[in-house]
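A short worksheet on the structure shown next.
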Amino acid sequence: MEFLPENIDRYAGLWTEPASELLERIERETWQEVLMPRMLSGHQQGRFLSLISHLMHPKRILEIGTYTGYSALCLAEGLAPDGVLHTIDINEELETRVRGYFNAYGKGNQMHLHVGAALDVLETADWAREPWDLVFIDADKENYRAYYNALVERVRPGGLIVADNVLWSGKVADPEEQDSETEGLRAYVAQVQKDPRVVHQLLPFRDGLSVSRRVVRP
Ligand code: SAH
Ligand code: CA
């Protein structure tokens with residue numbers, strides 16, 4: 001999933017602030033005990049999400065695709081004192097684990113996990129109607145556009161929609177790859193790039209981060 005040569009990636013990791021003990025425990029236990037541990041954001045991306053959060057000082061963060069809670073806890077690091085993070089995952093088998101990690105975190109009472117299909121949850125929940133400062137899309141790749149369409153009008157001017165894995169191990173740049181996830185990710189970046197409501201940049205960081213900043217246009 002990483003594009004850098006291993007030694008360069010290791011060097012960059014060495015010169016990046018270490019993750020907290022709790023995050024290191026989550027990473028370790030995810031690799032030992034959970035299926036598909038490569039989905040976890042990990043040290044370097046986690047520190048970058050934390051940086052964005054500290055820069056924005058958000059009051060309302062939404063994450064789609066919690067998995068074991070690693071990225072949620074990184075995103076929560078810069079939360080305003082009265083801020084909240086809502087995160088949604090369809091996999092109920094992870095619920096007890098994630099709640100345990102959130103409780104172990106100092107700001108656990110600001111973290112809200114919702115179990116269900118994200119589009120259904122977003123459509124029906126009252127808490128989803130207020131504007132968001134920061135959104136992290138990291139669930140099923142076919143639905144990235146649907147998540148964006150459901151959310152873009154609910155992101156405040158200056159707010160960000162960050163979408164993970166938009167390089168998909170490089171498959172997006174290979175025209176022979178036409179599976180539904182790869183196509184979903186290609187269509188996602190094409191759509192946000194041409195949407196006048198946001199300014200978009202694709203950062204070739206780890207597996208590719210798409211960052212859309214909400215702007216006000218007449
Ligand atoms: N954000 C996590 C990794 C998320 S992995 C991190 O960086 O550490 C993707 C997650 O999306 C999985 O846990 C999967 O259960 C969830 N998911 C897949 N389809 C979903 C859907 N329709 N609604 C909500 N969550 C979904
Ligand atoms: Ca991801």
Side-chain angles (χ1 to χ4, degrees), residues 1-3 19-20 22-53 61-77 85-102 104-105 111-125 127-128 134-151 160-172 179-182 184-185 188-189 202-211:
M1 207 150 76
E2 285 78 19
F3 298 102
S20 68
L22 174 61
L23 287 170
E24 288 198 346
R25 171 157 78 90
I26 296 172
E27 181 159 15
R28 203 170 50 243
E29 292 178 357
T30 301
W31 278 89
Q32 286 166 354
E33 301 162 10
V34 184
L35 293 172
M36 295 189 279
R38 289 183 69 82
M39 297 203 303
L40 177 140
S41 272
H43 170 223
Q44 292 182 49
Q45 179 154 308
R47 289 309 83 210
F48 186 67
L49 296 174
S50 169
L51 170 66
I52 291 179
S53 176
I61 303 176
L62 172 67
E63 177 183 67
I64 302 177
T66 320
Y67 189 47
T68 53
Y70 189 98
S71 51
L73 289 167
C74 297
L75 289 164
E77 287 180 24
L85 179 146
H86 289 272
T87 181
I88 311 171
D89 203 290
I90 200 167
N91 186 351
E92 57 191 31
E93 284 170 28
L94 298 169
E95 183 174 0
T96 311
R97 174 183 297 275
V98 173
R99 291 197 193 285
Y101 292 147
F102 286 1
Y105 180 60
M111 316 275 298
H112 303 281
L113 171 67
H114 308 274
V115 178
L119 281 173
D120 298 345
V121 175
L122 288 175
E123 213 169 278
T124 53
W127 53 260
L134 174 58
V135 174
F136 185 52
I137 301 178
D138 195 18
D140 46 334
K141 310 310 170 198
E142 294 89 342
N143 273 323
Y144 272 31
R145 272 167 304 166
Y147 299 137
Y148 178 87
N149 290 334
L151 288 164
L160 296 186
I161 301 178
V162 179
D164 194 23
N165 305 103
V166 294
L167 289 177
W168 211 227
S169 302
K171 282 171 134 194
V172 288
D179 61 276
S180 60
E181 290 175 310
T182 306
L185 292 164
Y188 178 77
V189 292
L202 198 167
L203 298 177
F205 182 72
R206 188 172 166 266
D207 196 28
L209 282 173
S210 149
V211 182

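Please read all numbers here as calculations on a predicted model, not as lab measurements. Numbering of ligands and ligand atoms starts at 1, following listing order. Because only heavy atoms are used, hydrogens play no part in the values below, and waters and symmetry mates are left out as well, while side chains stay in.
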What atoms of ligand 1 come within less than 4.0 Å of a heavy atom belonging to [X]?
{"X": "Ser41", "result": "6 (C), 7 (O), 8 (O)"}
{"X": "Tyr70", "result": "8 (O)"}
{"X": "Tyr67", "result": "2 (C), 3 (C), 4 (C), 5 (S), 13 (O)"}
{"X": "Leu40", "result": "8 (O)"}
{"X": "Ala117", "result": "23 (N)"}
{"X": "Tyr147", "result": "21 (C), 22 (N), 23 (N)"}

What's the shortest distance from [atom] to any protein heavy atom, and which residue and atom give it?
{"atom": "atom 9 (C) of ligand 1", "result": "Asp138 O, 3.2 Å"}
{"atom": "atom 25 (N) of ligand 1", "result": "Ile90 N, 3.2 Å"}
{"atom": "atom 23 (N) of ligand 1", "result": "Ala118 N, 3.0 Å"}
{"atom": "atom 18 (C) of ligand 1", "result": "Asp140 N, 3.8 Å"}
{"atom": "atom 6 (C) of ligand 1", "result": "Ser71 OG, 3.0 Å"}

Margin query: Under a 3.5 Å threshold, yes or no: a donor from one side chain and an acceptor from the other, between Glu77 and Ser53?
Written below: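 Distance-only check fails for Glu77 and Ser53.
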Is there side-chain contact between [X] and [Y], with at least one heavy-atom pair below 4.5 Å?
{"X": "Leu151", "Y": "Leu122", "value": "yes"}
{"X": "Asp140", "Y": "Ile64", "value": "no"}
{"X": "Leu160", "Y": "Phe136", "value": "no"}
{"X": "Asp138", "Y": "Tyr147", "value": "no"}
{"X": "Leu209", "Y": "Gln45", "value": "yes"}

Worksheet item: For Ala139, is at least one N or O under 3.5 Å away from an N or O on ligand 1?
Response: no
### Query
When only distance counts, is Leu94 in polar contact with ligand 1, meaning an N/O pair under 3.5 Å?
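Leu94 vs ligand 1: no N/O contact under 3.5 Å.
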Take the angle between the ring planes of Tyr148 and Tyr188 and call it parallel below 30°, perpendicular above 60°, tilted in between.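 It falls in the perpendicular class, over 60°.
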Distance col, row Trp168:CH2 vs Glu181:CD, nearest 0.5 angstrom, shows 4.5 Å
In this structure, CH2 of Trp127 is separated from NE2 of His112 (nearest 0.5 Å) by 9.5 Å
- Query: Between Val34 and Met39, does a side chain to side chain contact (heavy atoms under 4.5 Å, CB included) hold up when you go through it step by step?
  - Reply: CA-CA 10 Å; Val34 184; Met39 297 203 303; over 6 Å; no
Any heavy atom of [X] sitting closer than 4.0 Å to ligand 1?
{"X": "Glu63", "value": "yes"}
{"X": "Asn143", "value": "no"}
{"X": "Gly116", "value": "yes"}

Salt bridge (Lys or Arg N to Asp or Glu O under 4.0 Å) against Glu29, all qualifying residues, sequence neighbours excluded:
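Expected list: Arg25.
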Across all chains, not counting sequence neighbours, the salt bridge (Lys or Arg N to Asp or Glu O under 4.0 Å) partners of Asp120 are none
The answer for which part of Thr66 has a heavy atom under 4.0 Å from ligand 1 is backbone
Looking at Asp89, Asn91, Val121, the heavy atom closest to atom 14 (C) of ligand 1 belongs to Asp89
The angle formed at the Ca ion (ligand 2) by OD1 of Asn165 and OD2 of Asp138 is about (to 10 degrees) 130°
In Asp164, the N/O/S atom nearest the Ca ion (ligand 2) carries the name OD2
